[in-house]
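What you see is a predicted model; the values in this text were computed from it and never measured.
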Amino acid sequence: MGTLPPIDLRSDTITRPDDAMRAAMARAEVGDNVIDTDPTIRELEERAADVLATASALWTPSGTMANLIALSVHLRRGDRFLATRGAHVLTNELGSAAWLAGGMPEPLEHDAGPGRPTPAAVRAAAGTRSGPYYVLRTTLLCLENTHNAAGGAITPPDEHAQLVAAARDVGLNVHLDGARLWNAAAALGLPPAALTVGVDTVSACFSKGLGAPVGSVVAGSAEFVDEARRVRQMLGGGVRQGGVLAAACLVALDRVGELAEDHEKATALATGLAELGWSVGEPQTNIVLAAVPDVRLTLESLRERGVLALPMAGKVRFVLHRDVTAADVDEVLRRIKEGDR
C-alpha cells in the first residue's frame, strides 16, 4: 500500500467503539448470565424484543450463532429449508445449517428483484406435505433483509408480507436474517418492527455499522427463546458478565438512524465510480458492488492505492460505515482516478 494511509471499506464490521460506547461498557452493571441473568443483557434483550415486535429476545455473541440457533430450533434433522441464493446462511456460515442444524438447503433465485424471490417461487419450491414418507419435507423459509450478496438490497414491507403469506400457505415457518435490518429500516424511514411482521424468528446484529464490538440477538416467542437459550449453551454461547458487551449494543441501538449517513456515502461512492467508468449499480443501503473483469487483480490494485475492499458474489464489494467520512470517499475516488491514469 506504499505510504498511503489505508481507507478500509472491507466491511461495516470493522467499526470500533467510540469513547461514549467505551464509557458505557466500563460502567455496565453485570452478573453471571449463565447461572441467573446479567442485568444489562436482560435490559438489551427486553429492548430488542420491543424494537423487533417479538415477545422475547436472546443475546448471542454473533449473527452466525443467532441464525444457527434459530435453524436448530426450527428444523428436524433432514428437513429442507428455503433461502435466497447467496444468502448468508447458505454461503457464509460454513455449512452449519446443514452440519449442525441438520437442514437440507434449497436456494431460491432472485426472481422478484435483488435479494428476494417471488411468492410463487416459494410455493413451488415448498412442494407438498402429503407425499410418501420418504419424500424430502420442506419446513422453513429463510429471508434476508438487507441481502448482503445482492449489494445490501432491501425487501420492502409489502413484498415481505407477500412472502410470509406464501410461506404460511404451504405450511412453512419463517426466519428472518436481519443482520442489517437496521439499514433497511433507516433507508425506508420505518421502524424495524415494520419489517418483521409475521415472522416466527428474527436475528439482528449490533456490530455491523453501529460500532458495537460484539453482539447480536435472536428473537421470537417466549417458548422459542427458552429453547434458544438451551441451544446457545450447547454452542458455547453462554457468557458470564456479558453486560460489558450488551452495554455497547444498547448504545448501538440508539444510533440506528445514523445509518442513513452511510447510505449517502455509498451513493456518493457509486456515483463517483460510475463517472470513472466502473460498472456499479445504485446502492439501496451501505453496500456498493462493482462488476470488474478480474476481481483478484482489481482488489490488489486497490490495495496498492490504500483502498481496502473484499470480493462478494463475483464482484468487488465496498461497504460504507461510521468510521469512514465523506472526505474519505472523495479520497478513495481520487486515488482510483490517479491510479487509472
Side-chain angles (χ1 to χ4, degrees), residues 45-46 48-60 63-84 87-90 93 96-98 100-106 108 115-117 119 121-123 125-127 129 137-147 155-182 184-185 191-205 216-232 234-235 237:
E45 290 172 340
E46 291 174 351
D50 182 63
V51 170
L52 296 170
T54 61
S56 191
L58 181 73
W59 181 89
T60 65
T64 294
M65 183 180 287
N67 285 335
L68 177 57
I69 288 170
L71 268 63
S72 296
V73 174
H74 283 305
L75 298 170
R76 291 168 55 186
R77 186 172 293 276
D79 283 355
R80 182 170 65 169
F81 70 95
L82 310 177
T84 48
H88 200 275
V89 296
L90 298 182
E93 298 184 7
S96 59
L100 297 175
M104 172 71 75
E106 178 72 22
L108 299 175
R116 54 197 193 274
V122 171
R123 293 188 180 94
R129 300 175 69 89
R137 183 179 68 169
T138 305
T139 62
L140 180 68
L141 170 65
C142 288
L143 302 174
E144 185 176 334
N145 198 11
T146 65
H147 196 291
T155 300
D158 57 334
E159 294 191 38
H160 167 87
Q162 293 171 27
L163 289 168
V164 171
R168 295 286 179 249
D169 288 345
V170 289
L172 305 184
N173 289 327
V174 181
H175 172 64
L176 172 60
D177 177 358
R180 292 183 176 86
L181 186 71
W182 318 121
L195 302 174
T196 67
V197 175
V199 304
D200 296 282
T201 54
V202 55
S203 64
C205 189
S216 292
V217 289
V218 61
S221 68
E223 294 78 13
F224 164 78
V225 169
D226 283 345
E227 184 60 25
R229 183 170 285 106
R230 290 176 56 82
V231 177
R232 184 185 68 179
M234 294 177 195
L235 298 174

[X] to [Y] - nearest heavy-atom pair and separation:
X: Val164; Y: Val197; value: CG2-O, 3.9 Å
X: Arg80; Y: Leu75; value: O-CD2, 4.5 Å
X: Cys205; Y: Trp182; value: O-NE1, 2.7 Å
X: Ser203; Y: Ala66; value: CB-CB, 3.8 Å
X: Pro119; Y: Gln162; value: CG-CB, 3.8 Å

Check whether [X] reaches the backbone of [Y] with its side chain - one donor and one acceptor, N or O, closer than 3.5 Å.
X: Thr155; Y: Arg116; answer: no
X: Ser56; Y: Ala222; answer: no
X: Asp177; Y: Ala179; answer: yes
X: Arg232; Y: Trp59; answer: yes
X: Arg168; Y: Gly198; answer: yes

Item checked: Val89 and its side-chain contact (heavy atoms from CB on, under 4.5 Å) partner, picked from Asn67, Thr84, Leu68 -> Asn67
Notebook entry, point to check: Given the rule in the side chain to side chain contact (heavy atoms under 4.5 Å, CB included) test, do Val122 and Leu163 qualify, once you have shown the distances and angles that lead to the verdict?
Noted result: CA-CA 7 Å; Val122 171; Leu163 289 168; 3.9 Å; yes
How about [X] and [Y]: do any of their side-chain heavy atoms sit closer than 4.5 Å?
X: Val218; Y: Val202; answer: no
X: Val231; Y: Glu227; answer: yes
X: His88; Y: Glu144; answer: yes
X: Leu140; Y: Asp79; answer: no

Measuring from atom [atom1] of [X] to atom [atom2] of [Y], what distance do you get when rounded to the nearest 0.5 angstrom?
X: Phe224; Y: Leu58; atom1: CZ; atom2: CG; result: 8.0 Å
X: Arg77; Y: Leu100; atom1: CZ; atom2: CG; result: 9.0 Å
X: Arg137; Y: Phe81; atom1: CZ; atom2: CZ; result: 14.5 Å
X: Glu106; Y: Leu141; atom1: CD; atom2: CG; result: 12.0 Å

Margin query: Determine whether Leu172 and Leu82 satisfy the following criterion, side chain to side chain contact (heavy atoms under 4.5 Å, CB included), listing intermediate values before the conclusion.
Written below: CA-CA 9 Å; Leu172 305 184; Leu82 310 177; 3.9 Å; yes
Margin query: So for atom CZ, which belongs to Arg230, do other residues, nucleotides or ligands contribute more than 12 heavy atoms lying within a distance under 6.0 Å?
Written below: no
Next item on the list: Using distance alone, with no hydrogens and no angle criterion, decide if Thr146 and Arg180 have a side-chain donor and acceptor under 3.5 Å apart.
Entry: no
Margin query: side chain to side chain contact (heavy atoms under 4.5 Å, CB included) for Thr201 and His74? Distances and angles first, verdict last.
Written below: CA-CA 9 Å; Thr201 54; His74 283 305; 2.8 Å; yes
Next item on the list: Assess whether side chain to side chain contact (heavy atoms under 4.5 Å, CB included) is satisfied between Leu52 and Leu181, documenting all intermediate values.
Entry: CA-CA 10 Å; Leu52 296 170; Leu181 186 71; 3.7 Å; yes
